[in-house]
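In the text below, chain A, chain B and the rest are named by the order of the sequence lines, each starting its count at 1.
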Number of protein chains: 2
Amino acid sequence: MQQRSEETRSKIISSAIRLFSGRGFNAASVDDICAEAGISKGAFYHHFKSKQDLFLSLLDGWLKTIDNAIEAAKDKPAPEAFTQIAEAFPYIFKTAGEGLPMFLEFWLQASRDETVWQASVEPYRRYHKYFTALIKKGVDEGSFVAVNPELTARMIISTGMGLLLQSLMDPQGAKWEKVARDSVKMLVDGMLKK
Amino acid sequence: MQQRSEETRSKIISSAIRLFSGRGFNAASVDDICAEAGISKGAFYHHFKSKQDLFLSLLDGWLKTIDNAIEAAKDKPAPEAFTQIAEAFPYIFKTAGEGLPMFLEFWLQASRDETVWQASVEPYRRYHKYFTALIKKGVDEGSFVAVNPELTARMIISTGMGLLLQSLMDPQGAKWEKVARDSVKMLVDGMLKK
DNA sequence: AAAAACAAACCAACTGGTCGGTTTGTTTTT
DNA sequence: AAAAACAAACCGACCAGTTGGTTTGTTTTT
């Protein structure tokens with residue numbers, strides 16, 4: 001009963017991730033998603049009340065994986081916490097399927113669709129606050145020099161986003177994961193007390 | 001006769017920028033663009049042979065403004081060159097019209113459309129090479145410490161892209177321009193020999 | 001300088017097709 | 001028998017692009 005239902009649902013979700021990230025929300029039709037998942041339109045509308053509903057559900061699941069990664073690094077000293085979160089990034093930003101990044105699609109829709117924006121803006125601000133607090137904590141612990149934590153947090157987030165964007169255009173397998181790791185290392189090293 | 005023609009063409013272009021950046025390439029229809037520009041579809045297809053042709057034409061113009069900004073900073077010492085390019089960014093990344101960024105739309109289409117990718121990848125690699133060379137030049141001039149120029153260039157580009165992405169979601173007027181300026185300053189300071 | 005010819009610029013109606021979404025009735029699975 | 005999935009048909013809206021005819025400004029002829 002729930003077994004089959006759950007399987008169908010997850011087939012829809014992984015097909016949707018693949019198509020949304022590959023073609024974009026608008027260009028991927030419900031028909032396409034159903035065809036990819038090998039299910040009927042009826043089944044689709046049994047699980048999601050609309051295409052947008054599906055999208056918001058994907059967004060929700062994705063935000064949860066970020067929260068989990070942050071939660072898992074909660075009690076570590078600041079430099080280790082950054083490193084650990086950086087390690088989790090390649091997974092977070094690839095979500096599932098072919099490993100194509102949904103992230104940009106989430107962001108884009110958030111900038112254009114009021115409902116998606118509403119669902120994203122609070123978590124987004126929370127992440128920025130978290131990174132800022134983590135830097136301040138590093139300063140308090142005596143391991144970081146007193147930089148501008150607000151701005152530095154912004155830049156760390158920016159770097160992650162920018163690298164993802166670049167990897168989107170110029171995909172070269174695991175190479176970008178190394179670049180991401182090296183970048184975080186460089187940023188953290190820059191903050192470390194010599 | 002050319003007067004009127006040129007005026008129509010520029011009306012199409014500015015409407016297209018507004019709509020593409022506001023809704024995305026797919027969601028903005030040719031009908032919408034014509035309505036916004038206050039011209040007919042016939043006029044549209046007189047000036048551009050397709051919607052994609054219009055898009056490529058916008059991309060081309062945009063890449064030229066970047067080249068110009070880089071060209072203008074050519075002979076300055078490295079730290080000044082970075083600062084000058086950073087100053088030009090707010091203009092480059094806003095293109096025209098309502099000031100909404102077309103950049104993301106260019107990037108997105110490049111990752112999804114072979115033709116757009118072809119038109120973008122060479123300039124993109126050129127910019128990365130340029131920044132790398134600029135950092136090396138700074139090292140040679142004795143003003144920068146010997147960092148990893150390749151990676152640092154990537155990070156500078158990433159930071160710019162990431163900040164733009166953030167500004168897209170959380171628009172607050174000129175605030176992001178200040179953040180961008182401060183970020184470049186921070187990155188350049190980090191490279192400067194103490 | 002007026003008239004005629006011309007081509008570029010433009011318009012508005014239309015084409016063939018696809019879209020997301022929904023409904024209806026049937027079959028399979030639990 | 002209830003839940004889940006299916007297949008097919010339907011719809012009003014919208015899409016990019018085409019067509020054929022009209023306006024506009026310029027050039028040539030008289």
Side-chain angles (χ1 to χ4, degrees), chain A residues 1-59 102 105-106 108-109 112-116 119, chain B residues 1-59 102 105-106 108-109 112-116 119:
Chain A
M1 182 172 104
Q2 288 111 340
Q3 178 91 18
R4 198 156 107 92
S5 179
E6 192 47 51
E7 199 181 309
T8 301
R9 191 188 163 87
S10 74
K11 270 198 278 185
I12 295 173
I13 286 178
S14 70
S15 295
I17 289 175
R18 204 148 40 230
L19 289 174
F20 283 157
S21 54
R23 303 182 197 171
F25 179 77
N26 284 300
S29 73
V30 174
D31 280 332
D32 292 338
I33 295 169
C34 293
E36 249 261 334
I39 56 116
S40 70
K41 263 179 121 169
F44 179 94
Y45 281 100
H46 177 74
H47 285 280
F48 301 96
K49 69 177 214 278
S50 69
K51 193 182 165 187
Q52 159 125 331
D53 181 46
L54 164 62
F55 187 82
L56 288 171
S57 158
L58 295 181
L59 173 58
M102 268 300 284
E105 202 56 33
F106 287 138
L108 207 60
Q109 291 295 324
R112 288 171 178 163
D113 182 306
E114 176 65 19
T115 311
V116 180
Chain B
M1 204 69 170
Q2 289 107 341
Q3 176 102 12
R4 189 158 162 244
S5 177
E6 193 46 51
E7 200 182 309
T8 302
R9 191 187 164 88
S10 73
K11 270 198 277 185
I12 294 173
I13 286 178
S14 69
S15 294
I17 290 174
R18 205 149 38 231
L19 289 174
F20 283 156
S21 53
R23 303 183 197 171
F25 179 77
N26 283 301
S29 74
V30 176
D31 280 332
D32 291 338
I33 295 169
C34 293
E36 248 260 336
I39 56 112
S40 71
K41 262 182 125 166
F44 179 94
Y45 281 98
H46 176 76
H47 285 280
F48 301 95
K49 70 177 211 281
S50 69
K51 192 183 167 185
Q52 160 128 326
D53 180 47
L54 164 62
F55 187 81
L56 287 171
S57 158
L58 294 181
L59 172 59
M102 268 300 284
E105 202 56 32
F106 287 138
L108 207 61
Q109 290 295 323
R112 287 171 179 164
D113 182 305
E114 176 65 21
T115 312
V116 178

### Message
In the structure I gave you, are the side-chain heavy atoms of B:Phe25 and B:Leu108 within less than 4.5 Å of one another anywhere?
### Response
no
### Task
Would you indicate whether the side-chain heavy atoms of A:Phe48 and A:Ile13 approach each other to under 4.5 Å?
yes
## Note on the structure
With sequence neighbours left out, the residues meeting side chain to side chain contact (heavy atoms under 4.5 Å, CB included) with B:Asp113 are B:Gln52, B:Gln109, B:Thr115, B:Val116
### Summary
Read 5' to 3' with Watson-Crick or G-U pairs under 3.5 Å, [ ] for crossing pairs and | for partners on another strand, DNA chain C gives ||||||||||||||||||||||||||||||
### Query
From the list D:dC6, D:dA5, C:dC10, which nucleotide is the closest neighbour of the side chain of B:Ser40?
C:dC10
### Message
Looking only at the side chain of A:Ala43 (C-beta and beyond, no hydrogens), which of the listed nucleotides C:dC11, C:dA9, D:dA5 gets closest?
### Response
D:dA5
### Task
Using a cut-off of strictly less than 4.0 Å, decide whether A:His47 has a side-chain nitrogen or oxygen near OP1 or OP2 of D:dA4.
no
### Message
With a 4.0 Å cutoff (strictly under), does any side-chain N or O of B:His46 reach OP1 or OP2 of C:dA9?
### Response
yes
### Message
Once rounded to the nearest 0.5 Å, what's the spacing between atom OG of A:Ser21 and atom CZ of A:Phe106?
### Response
9.0 Å
### Message
To the closest 0.5 Å, what do you measure between CD1 (A:Ile12) and CD1 (A:Ile39)?
### Response
4.0 Å
Could you state the atom-to-atom distance from [atom1] of [X] to [atom2] of [N] in whole Å?
X: B:Ile12; N: C:dC10; atom1: CD1; atom2: C1'; result: 10 Å
X: B:Lys11; N: C:dC11; atom1: NZ; atom2: C1'; result: 13 Å
X: B:Ile33; N: D:dC14; atom1: CD1; atom2: P; result: 16 Å
X: A:Arg23; N: C:dC19; atom1: CZ; atom2: C1'; result: 14 Å
X: A:Phe48; N: C:dG20; atom1: CZ; atom2: C1'; result: 16 Å
X: B:Glu6; N: D:dG25; atom1: CD; atom2: P; result: 16 Å

### Any donor-acceptor N/O pair, A:Arg23 side chain to A:Arg18 backbone, under 3.5 Å
no
#### Entry: Base versus backbone protein contacts along nucleotides 16-21 of chain D [heavy-atom cut-off under 4.0 Å; B, S, -]
BBB---
### Task
List for me each residue that meets side-chain hydrogen bond (donor to acceptor under 3.5 Å, both in side chains) alongside B:Lys41, sequence neighbours excluded, and say none if there are none.
B:Asp31
### Task
Please list, chain by chain and in numerical order, all residues satisfying side-chain hydrogen bond (donor to acceptor under 3.5 Å, both in side chains) with B:Ser57, sequence neighbours excluded.
none
### Query
Do the ring planes of B:Phe20 and B:Phe55 sit parallel (below 30°), tilted (30 to 60°) or perpendicular (above 60°)?
perpendicular
Sub-3.5 Å pairs of nitrogen or oxygen atoms, protein against nucleotides 15-17 of chain C:
none

